[in-house]
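Okay, so here's the structure we're looking at.
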Amino acid sequence: MLDFKGISVHYGHQDVLTNVTFRVNKGDRVGVVGPNGSGKSTLFKIVLGEMSTDTGELVIECDPRIGWTRQNPEPDSPEETLLEYSLRGIPGLSEMEAEMAELEADLQDPAKMKRYGELQTKFEHLGGYDIETRVKIALGGLGFTTDEFEKPFRSFSGGWRMRAELSRVLASKPDLLLLDEPSNYLDLPAVDWLQKYLKAYDGTLMLISHDRYLLRTLTNVIVEVDAGTATRYEGDLDYYLREREVRYEHLKAAKENQDHHREQLQRFVDRFRAQATKAAQAQSRQKLIDKIDEERIVLPKRYTQSGRLRLAEPPPSGIEMFRCEKLGFSYDGVKKVFSDIEFNVSRGDKVALIGYNGLGKSTLMRLMAGTRQPTEGKAVIGHNVVPGYLSQEFAETIPPDVSVYRVAKNAWDAHGGGPEKIFRNQLGAFGFDENDVEKPSGVLSGGEKIRLAFLRLFLTAPNFLLLDEPTTHLDLDGRRLLQDALQKYSGTIFLVSHDIDFVRAVATSILEITREGIRQYPGGYDYYCEKKAEREKDAGSRCRCPEEIPNSSVRLSATPAPVTLTSKELRKQRAEARAKVAPRVKELKKRVETAEQKLDELQKQLDEASAELFNPTPTTNFAEVNRTVRTLQFEIDRYTADWEEAATELEQLTQEA
């Protein structure tokens with residue numbers, strides 16, 4: 001379908017793409033990966049005809065209908081609604097429908113009847129008869145409510161406009177779908193919906209993304225764009241991650257051999273170029289050097305700029321990190337962003353906040369960080385808790401013309417400063433050496449900027465990290481770097497992210513915010529998905545009447561004949577039932593055991609704290625001990641509830657099996 005043949009693109013003196021050659025076949029699902037700024041989006045611009053090549057050519061076969069998202073979507077008129085805008089996903093479809101309506105007035109004319117038949121066939125082939133249904137499904141899946149379908153398109157923010165643009169493209173069912181970072185404007189539930197939608201798409205897909213969940217589940221070919229080249233890997237993301245390491249080792253060895261050979265040639269040239277008897281040989285070797293320079297092996301940027309991220313141990317704090325009671329907030333005093341929010345975060349928790357955009361996730365983070373104050377209820381930071389807040393706009397808060405050293409030093413001095421040696425050690429811990437510290441912040445890559453942002457954050461010695469979309473500016477390796485660091489971090493984390501793999505790897509509990517309120521899940525992301533599916537299934541079985549259940553057969557008067565099983569069949573049936581629930585039983589037993597151990601520990605701590613209240617000493621701090629008692633009682637209630645839930649389900653499964 002697409003044949004890239006020796007394509008090169010240059011911006012001034014910068015080589016963006018050099019002799020890029022690879023093919024995309026019909027039906028391929030291609031993940032395009034590589035560091036930020038490596039030229040991935042340039043490939044898309046070439047396909048769309050928005051950019052010409054300096055050398056080489058792109059051959060597009062079969063004249064496919066191409067779908068892509070525009071960066072700045074605008075309505076046709078000020079009055080155009082969200083639904084009307086989204087229905088314009090197939091060029092010429094509305095004009096075709098208008099012509100068909102005009103022809104319907106006089107179908108007695110054979111010529112008009114023939115034209116009508118041609119239009120109708122084409123209209124049906126393009127999906128014109130069900131496009132409105134597809135558009136509404138896409139809009140709903142991406143977070144729009146049905147009430148918003150008739151709102152003017154121009155009334156939506158840039159992020160929501162991009163969602164509408166995405167729904168328009170998806171519903172048009174193109175032959176070739178080009179998606180450039182489609183998850184950037186989506187919350188986690190919408191990413192999950194997008195994955196399911198694209199899984200069912202049967203055309204050719206090219207997906208630029210750093211989202212490992214989308215790449216892993218949607219693609220079967222990976223094209224890596226790095227150091228001006230493009231390499232096609234005939235396998236999924238995991239295959240690519242394995243094979244690129246092997247390829248890199250070969251490339252590294254070849255580069256070392258090439259560099260060594262060049263050094264030998266250069267030494268000969270430097271030594272003998274001035275001697276008449278050796279001048280011809282020196283000139284010959286210089287030509288070899290020039291040829292090597294033309295074919296110089298370049299290592300991928302991701303290896304030369306990977307860096308490191310080592311988070312310091314958090315300072316000590318109380319058990320309770322944060323607590324809110326009847327928490328609410330309004331920007332204008334009229335419309336509430338949320339209200340009656342209640343939850344708590346304990347020391348060592350790693351909590352992911354999940355929910356659709358517009359429900360107040362970022363606002364809640366600001367309240368927890370103390371950058372905003374609640375308009376109702378209480379937001380309480382625990383004893384000796386130092387929040388470290390990283391907002392979505394962290395990259396924009398770093399002055400582009402200020403050096404890495406000065407950005408970090410300003411933060412260091414603002415919080416008390418200290419010996420220069422300790423400060424330099426902090427720079428090194430976050431991957432900045434003597435070659436990096438004088439760089440202007442504006443030239444840093446996304447991964448370098450987040451390392452600088454974390455360095456600036458950790459110079460304040462926080463023990464409660466509040467991270468709002470920390471992976472947004474990171475490529476695959478930057479996300480892995482941050483993920484590994486947060487997994488090893490022993491402090492407390494509260495994060496918002498649309499990267500499902502990142503949430504799955506880091507979070508140990510989930511907090512879901514919905515229009516109905518907030519709900520806590522004591523397990524990780526997979527546990528959350530399982531519990532949510534069970535809840536939705538229960539709600540569906542309660543709400544659906546027999547007529548709504550597909551392929552149902554409801555008998556009102558007839559009684560089914562009894563079925564008699566032999567004892568052997570009964571034993572087999574019970575064994576199969578036990579095997580089916582065995583993994584769940586194992587998981588529940590572990591939860592029950594963990595909860596019981598934790599309850600024993602907490603009860604001992606509570607007994608000790610209570611004893612101190614009843615038998616105080618001259619040094620007893622009653623306020624502190626009271627806070628400890630309340631925190632321990634809350635934790636005991638939480639683990640008791642988890643124990644009851646797990647034990648009840650375990651008993652039920654054991655009886656059924």
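Worth knowing before you read on, the calculation uses all heavy atoms, side chains too, and leaves out hydrogens, waters and symmetry mates.
- Using modelled atom types and a 3.5 Å distance limit, the side chains of Tyr527 and Arg591 yield a donor-acceptor pair.
- Checked by atom type, the side-chain pair Tyr405/Glu438 shows no donor-acceptor distance below 3.5 Å.
- Cation-pi geometry between Arg285 and Phe268 is satisfied (NZ or CZ under 6.0 Å from the ring centre, within 45° of the ring normal).
- No more than 12 heavy atoms of other residues, nucleotides or ligands lie within 6.0 Å of CD in Gln283, so this atom counts as exposed by the packing criterion.
- Using the six-membered ring where Trp is involved, Trp412 and Phe423 have ring planes that are tilted, between 30° and 60° apart.
- Comment: Arg479 does not engage Asp484 in a salt bridge, judged by the lack of any side-chain N to carboxylate O separation of less than 4.0 angstrom.
- For Arg23 and Glu61, the salt-bridge test passes: some basic side-chain N is under 4.0 Å from an acidic carboxylate O.
- Side-chain N/O atoms of Asp180 and Ser41 include a donor and acceptor closer than 3.5 Å.
- Using a 4.0 Å cut-off between charged side-chain N and carboxylate O, Arg424 and Glu420 make a salt bridge.
- In Arg271, the CZ atom is not crowded: 12 or fewer heavy atoms of neighbouring residues, nucleotides or ligands sit closer than 6.0 Å.
- Taking the side chain to side chain donor-acceptor pair (under 3.5 Å) definition, one finds that Asp270 meets it with Gln266, sequence neighbours left out.
- Contact check on Asp259 versus Arg262 returns no salt bridge, with no Lys/Arg side-chain nitrogen under 4.0 Å from an Asp/Glu carboxylate oxygen.
- Closest approach of Gly6 to Thr21, counting heavy atoms only: N-OG1, 2.9 Å.
- A search for side chain to side chain donor-acceptor pair (under 3.5 Å) contacts involving Gln195 returns Tyr213, Thr217, not counting sequence neighbours.
- When Asp236, Asp238, Asp211 are each tested for a side chain to side chain contact (heavy atoms under 4.5 Å, CB included) with Arg216, only one passes: Asp238.
- The closest side-chain donor-acceptor pair between Arg247 and Thr231 falls under 3.5 angstrom.
- Counting only residues at least two apart or on different chains, the salt bridge (Lys or Arg N to Asp or Glu O under 4.0 Å) pairs with a member in residues 186-203 are Arg163-Asp187, Asp192-Lys196.
- Here the side chains of Val223 and Phe22 are in contact, with some heavy-atom distance below 4.5 Å.
- Ionic pairing of Arg168 and Glu165 is present here: one or more N-O contacts between side-chain nitrogen and carboxylate oxygen are shorter than 4.0 angstrom.
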Report task. Output, in order, the C-alpha distance, side-chain angles, deciding distance and verdict of side chain to side chain contact (heavy atoms under 4.5 Å, CB included) for Leu17 and Val225. Result -> CA-CA 9 Å; Leu17 299 174; Val225 183; 4.0 Å; yes
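- With respect to the salt-bridge test (charged N to carboxylate O, under 4.0 angstrom), the residues Glu530 and Lys532 do not qualify.
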Report task. Evaluate side chain to side chain contact (heavy atoms under 4.5 Å, CB included) for Leu467 paired with Val496, printing each intermediate quantity in order. Result -> CA-CA 6 Å; Leu467 310 177; Val496 172; over 6 Å; no
